[in-house]
Amino acid sequence: MKSNCYKCDAVLTPDNRVGGKNPNLCNPCKKEYHRLWHLKNGHKYVESKKVRHQERMENDPEYKAERNKKGAEWRKSDPEYMKKYKAKNKGRINKVECIRRKRPHNKVKRAAECRNRQARKQNATPLWANQGYIRLFYEGAKIEEGRTRRKVHVDHIIPLNHKLVCGLHCEDNLQLLFAKENQTKSNIFII
């Protein structure tokens, strides 16, 4: 007994017949049906999948350990992955970091990091450093921000914290850089 697809009226054969819920549907019609369904309801599917994943990560330690292990193996297989990911998702990462910094338990951590940096700066400031010139750099950064409408940082040419060298917090080691340039430079030291 021959049957036809109820959407396109094509003759169904064992090669193009779909089993399951719609046995009277051919493969091309089924693909089109799923494509349209995902266009209409795809966001709900993705959200429910995220919720299920989050619940399993919280409640199932075996699942969490397995996912973490897979992630670690995958990152090891591509050592450049994080660099590529960060370059591709800069805006998203910045938003997430901003939200993390504002959380109460992270405010304490952030304050500790700031105090640590201040202590390093104080220890790296020599007695002969001219505090007036150093203050001028920070004032100049504020003026430059107002003039260009871009964030400006006071950067240490030779980084304060580096495995090869420790720079000084003095007027000869300071420069003004736009925030984006300074963040890409990080604590790189070029000999």
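These values consider heavy atoms only, across backbone and side chains, with no hydrogens, waters or symmetry-generated copies. All residue numbers in this chain count up from 1 along the given sequence.
Annotation: the span from H53 atom NE2 to D60 atom CG amounts to 11.5 Å, rounded to 0.5 Å. The line from CG of N123 to CD of Q118 is 12.0 Å long, rounded to the nearest 0.5 Å. The NE2 atom of H156 lies 10.0 Å from the CG atom of N182; values are rounded to the nearest 0.5 Å. Atom CD1 of I158 is separated from atom CG of N187 by 13.0 Å, given to the nearest 0.5 angstrom. Atom CZ of R135 sits about 9.0 Å away from atom CG of N130, to the nearest 0.5 Å. Rounding to the nearest 0.5 Å gives a distance of 6.5 Å between OG1 of T125 and CD of Q131.
Here the closest heavy-atom approach between residue P126 and residue H169 is recorded as CD-O, 3.9 Å. Minimum interatomic distance between L160 and A124 (heavy atoms only, all atoms of both residues): CD2-CB, 3.8 Å.
Contact check for E181 versus K185: no side-chain heavy atoms found under the 4.5 Å cut-off. At a threshold of 4.5 Å between non-hydrogen side-chain atoms, the residues Y85 and R92 count as touching. A heavy-atom distance below 4.5 Å is not found between the side chains of R56 and R67. A 4.5 Å side-chain heavy-atom check between E139 and K142 finds every atom pair outside the cut-off. Side-chain atoms of N68 and M57, non-hydrogen and from C-beta on, do get closer than 4.5 Å to each other.
Checking side-chain atoms of H162 against main-chain N and O of L164 turns up a donor-acceptor pair under 3.5 Å. Remark: the backbone N or O of Y45 is paired with a side-chain donor or acceptor of S48 at under 3.5 angstrom.
A salt bridge links E66 with K70: at least one charged nitrogen is closer than 4.0 Å to a carboxylate oxygen. Taking a cutoff of 4.0 Å between a charged side-chain nitrogen and a carboxylate oxygen, E144 and R147 qualify as a salt bridge. Remark: E32 engages R35 in a salt bridge, criterion side-chain N to carboxylate O under 4.0 Å.
If you chain together hydrophobic residues whose side chains sit under 4.5 Å apart, V152 and V154 fall into the same group. The cluster map of Ile, Leu, Val, Met, Phe, Trp and Tyr, joined by side-chain heavy atoms under 4.5 Å apart, puts V96 and I93 in different clusters. Follow the hydrophobic side-chain contacts under 4.5 Å out from Y138 and you reach F178 in the same cluster. Using a 4.5 Å cut-off between side-chain heavy atoms of Ile, Leu, Val, Met, Phe, Trp and Tyr, with links allowed through other members, L176 and I134 fall into the same hydrophobic cluster.
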Can you check side-chain contact (heavy atoms from CB on, under 4.5 Å) on E47 and K44, steps first, answer last?
-> CA-CA 5 Å; E47 287 302 317; K44 293 178 191 173; 5.8 Å; no

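More than 12 non-hydrogen atoms from other residues, nucleotides or ligands lie less than 6.0 angstrom from CD of E73. Within 6.0 Å of atom NZ in K121, more than 12 heavy atoms from other residues, nucleotides or ligands are found, so the atom counts as buried in its surroundings.
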